[in-house]
Asker: 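Please see the structure below; I have some questions.
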Number of protein chains: 2
Amino acid sequence: MSTTLKIASWNINSVRARIGIVEQFLRSESPDVLCLQETKVVDADFPAAAFQDLGYVHQMIRGQRMHHGVAILSRIPLHEDRHHDWQANGEARHVGVRLDCGIRLENVYIPAGGDIPDRALNPKFGQKLDFIERMTRWSEECDCPTILVGDFNVAPLECDVWSHKQLLKVVSHTPIEVEALTRLQSSNDWVDLGRHFHPAPKRLHTWWSYRSPDFSKNDRGRRLDHMWATRDVAAQATEHHVHEICRSWLKPSDHVPLVTEFVL
Amino acid sequence: MSTTLKIASWNINSVRARIGIVEQFLRSESPDVLCLQETKVVDADFPAAAFQDLGYVHQMIRGQRMHHGVAILSRIPLHEDRHHDWQANGEARHVGVRLDCGIRLENVYIPAGGDIPDRALNPKFGQKLDFIERMTRWSEECDCPTILVGDFNVAPLECDVWSHKQLLKVVSHTPIEVEALTRLQSSNDWVDLGRHFHPAPKRLHTWWSYRSPDFSKNDRGRRLDHMWATRDVAAQATEHHVHEICRSWLKPSDHVPLVTEFVL
DNA sequence: GCTGTGCTCG
DNA sequence: CGAGCACAGC
């Protein structure tokens, strides 16, 4: 006998502004667990009831005023929730739990890093690289079956962006960020599920800027969102989808949801 | 042979935020002329095309950044537009035109007057009374058939408010404002079309605060919006309606439209 | 409450 | 472009 586990991850850019389309997504996809990033709301104002009404009664919420904020909403029990604050700056960028099957699920929102890809000129860029380094130290110590999801704010491969050449000096696709993310991936037995199911050089994007007027016409996307799993767990993955369609919905997030199914 | 003339007036509290419901109203009521107050937009950004598409190709727009702003949108020709600035402060509170039938149509947005009904403590209250006085001087000189509409921000009669007693010291229903409005009405042969068709003590309201959560439940309305006509024109009026239903629409204005039909 | 504005952030 | 916030005005 086998059970399936369906995990979704989505940077929704304000859970309150997006509650309608998140419900729509949950109704159509029915994942067992939904990981959110950029909820942008303090825990007291999190729209918990809306998720409860759809069966997501197990909730691990870590929000803050205005920026960042992560949450795990689940139809299956969640245990041993931990909130890492790797940079000890109080930013709500991580929440992790253990599922009944023993797998740990880690939900992360890596800093965007500002506009200028230079540690000296732009402290936010330094903070981003530092965040990835500290995550790498943490990842080295991870010793159980783990799924790591979230908005990593890095598009590592050439085919992860609409134009490798034009984005080489644009934060999210610079060599220094890609190297940092590669070290994170190498620091444990991480399998990039996106590329496992949709190998390069296939086009795979999860984010389109609001600033580009017609996202589907110009298609200037980047793969900033990721789902990784330790090799043992990745071996149980059966499907992985990027729900591009959600970018065309009314009042969309600039990110779209990722979904992976596992057979345990 | 006779022709009908259907005039509507509506404080829409931002024409851009309300463009959808104004279109809905125009489609269902099809007035010949629509007078708007509180358009809250500079002329360059006025959604002129939306009105043109519905046949309102004759437009006299007097807007300003952020506050106030009036407009006359019409399916019939408009002539001799005049913008009075009675207080010479640059506020866009009036636009008037002449119709082909010879009637003048004057569209006014009288200042709200702030919170405290005291000239000394609250300059806005003084400005409101001064505005009405200056309008009175102008009204005395009006010597042609005229329809005067708009948001007067005064509910003169006891039955114009949900509680006469509780509003006696609330700006919009204080004796000093009512007296000022009465002087304005007496300064020419003005007929209050609202009360002509719906005589006191009938309840007649055109505005419900956003702050009262369920407007229809508590029904704490006031008659702040008015349509007046000189006696000759008033004699040609056949119907006058307050479209209360518009207050229950999605994302409503706090005011509802008034409509009068004339047979010329 | 619900507009507008200006601001920061991505 | 579109979230968040703060403020003013009604």
Side-chain angles (χ1 to χ4, degrees), chain A residues 11-19 21 37-42 45 63-69 91-93 109-116 122-125 127-128 151 153-154 170-172 207-215 218 220 222 224-225 247 249-255, chain B residues 11-19 21 37-42 45 63-69 91-93 109-117 122-125 127-128 151-154 170-172 207-215 218 220 222 224-225 247 249-255:
Chain A
N11 177 321
I12 27 78
N13 185 16
S14 171
V15 70
R16 284 175 297 177
R18 226 63 72 197
I19 191 65
I21 64 174
Q37 304 89 38
E38 280 209 84
T39 54
K40 289 188 175 178
V41 67
V42 291
D45 294 340
Q64 68 179 82
R65 216 180 97 95
M66 208 159 185
H67 294 304
H68 325 311
E91 294 184 353
R93 295 186 176 275
Y109 174 50
I110 293 179
D115 285 332
I116 305 158
N122 171 19
K124 286 180 195 155
F125 193 70
Q127 188 214 342
K128 178 179 192 170
D151 176 2
N153 268 315
V154 179
V170 172
V171 173
S172 74
W207 175 88
W208 293 260
S209 171
Y210 284 126
R211 289 172 231 192
S212 190
D214 188 343
F215 100 95
N218 296 313
R220 301 194 164 181
R222 307 181 202 169
L224 302 182
D225 304 273
R247 188 62 178 79
W249 288 356
L250 192 69
K251 287 223 149 217
S253 168
D254 43 354
H255 297 253
Chain B
N11 177 321
I12 29 78
N13 186 16
S14 170
V15 69
R16 283 176 297 178
R18 226 64 71 196
I19 190 65
I21 64 173
Q37 303 90 40
E38 281 210 83
T39 54
K40 287 187 174 177
V41 66
V42 291
D45 294 340
Q64 67 178 82
R65 219 180 95 93
M66 206 160 189
H67 295 304
H68 326 310
E91 294 185 354
R93 294 185 175 275
Y109 175 49
I110 293 179
D115 286 332
I116 305 159
N122 171 19
K124 286 181 195 155
F125 192 69
Q127 190 215 341
K128 179 179 192 170
D151 176 2
F152 293 4
N153 267 314
V154 179
V170 172
V171 173
S172 73
W207 175 87
W208 293 260
S209 171
Y210 285 126
R211 289 172 230 190
S212 192
D214 188 342
F215 99 97
N218 297 313
R220 302 195 164 180
R222 307 180 202 170
L224 302 182
D225 303 273
R247 187 61 179 78
W249 289 356
L250 191 69
K251 287 223 150 215
S253 170
D254 42 355
H255 297 253

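All chains are named by letter (A, B, ...) in the order of the sequence lines, taking the proteins before the strands, and each is independently numbered beginning at 1.
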Asker: D:dC10 C1' sits how many Å from B:Ile116 CD1, rounded?
Answerer: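 B:Ile116 atom CD1 is separated from D:dC10 atom C1' by 14 Å.
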Asker: Figure out the CG/C1' separation between A:Asp45 and D:dC5, and round it to whole Å.
Answerer: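 After rounding, the reported distance stands at 14 Å.
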Asker: Report yes or no: does B:Arg18 contribute a side-chain atom to a donor-acceptor pair with the main-chain N or O of B:Pro252 at less than 3.5 Å?
Answerer: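 Indeed, once roles are kept as given, a pair shorter than 3.5 Å links the two residues.
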Asker: Out of D:dC5, D:dA3, D:dC10, which has the shortest distance to the side chain of B:Tyr109?
Answerer: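 The nucleotide sitting nearest to the side chain is D:dC10.
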Asker: Looking just at side-chain N and O atoms, do B:Arg222 and B:Ser172 make a donor-acceptor pair shorter than 3.5 Å?
Answerer: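 Side chains of B:Arg222 and B:Ser172: pair found under 3.5 Å.
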Asker: Across the strands shown, which category fits B:Lys128 at heavy-atom distances under 4.0 angstrom: base, sugar-phosphate, nothing?
Answerer: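 No contact at all - B:Lys128 keeps every heavy atom at 4.0 Å or more from the nucleic acid.
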Asker: In whole Å, I'd like the distance from the NE2 atom of B:His67 to the P atom of D:dG9.
Answerer: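 Distance check: B:His67 NE2 to D:dG9 P gives 6 Å.
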Asker: Rounded to whole Å, how long is the line connecting atom CZ of A:Arg18 with atom C1' of D:dG4?
Answerer: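 Roughly 12 Å, once rounded to whole Å.
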Asker: Just the rounded figure in Å: distance from P of D:dC10 to CG of B:Asp225.
Answerer: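 Spelled out: CG on B:Asp225 to P on D:dC10 is 15 Å.
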Asker: If the test is side chain to side chain contact (heavy atoms under 4.5 Å, CB included), which one of A:Asp151, A:Asp254, A:Thr39 qualifies with A:Asn13?
Answerer: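 When side chain to side chain contact (heavy atoms under 4.5 Å, CB included) is applied between A:Asn13 and each of A:Asp151, A:Asp254, A:Thr39, only A:Asp254 qualifies.
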Asker: Which nucleotide in the list D:dC10, D:dG9, D:dG4 gets nearest to the side chain of B:Glu38?
Answerer: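 Looking only at heavy atoms from C-beta outward on B:Glu38, the closest nucleotide is D:dC10.
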Asker: Could you list where the contact with chain B starts and ends along DNA chain C, reading 5' to 3', using a 4.0 Å heavy-atom cut-off?
Answerer: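 Going 5' to 3' along DNA chain C, contacts run C:dG1 to C:dG6.
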Asker: Any sub-3.5 Å donor-acceptor pair from A:Lys128's side-chain atoms to A:Asn153's backbone N or O?
Answerer: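 Yes.
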Asker: Any side-chain to backbone donor/acceptor pair from A:Arg247 onto A:Phe215? Under 3.5 Å, distance only.
Answerer: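 Here the side-chain-to-backbone pair does not exist.
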Asker: For B:Gln37 versus B:Asn11, what's the shortest heavy-atom pair and its separation?
Answerer: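 Smallest heavy-atom distance, with atoms named: OE1-N, 3.2 Å.
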Asker: Rounding to an integer number of Å, can you tell me how far A:Trp207 CH2 sits from D:dG2 C1'?
Answerer: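 For the pair A:Trp207 CH2 and D:dG2 C1', the rounded distance is 13 Å.
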Asker: Specify the separation, in whole Å, of atom NE2 of A:His255 and atom P of D:dC1.
Answerer: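 Rounded to the whole Å, the gap is 18 Å.
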Asker: More 5' along DNA chain D: A:Arg65 or A:Arg211, using each one's nearest nucleotide?
Answerer: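 Closest to the 5' end, via its nearest nucleotide, is A:Arg211.
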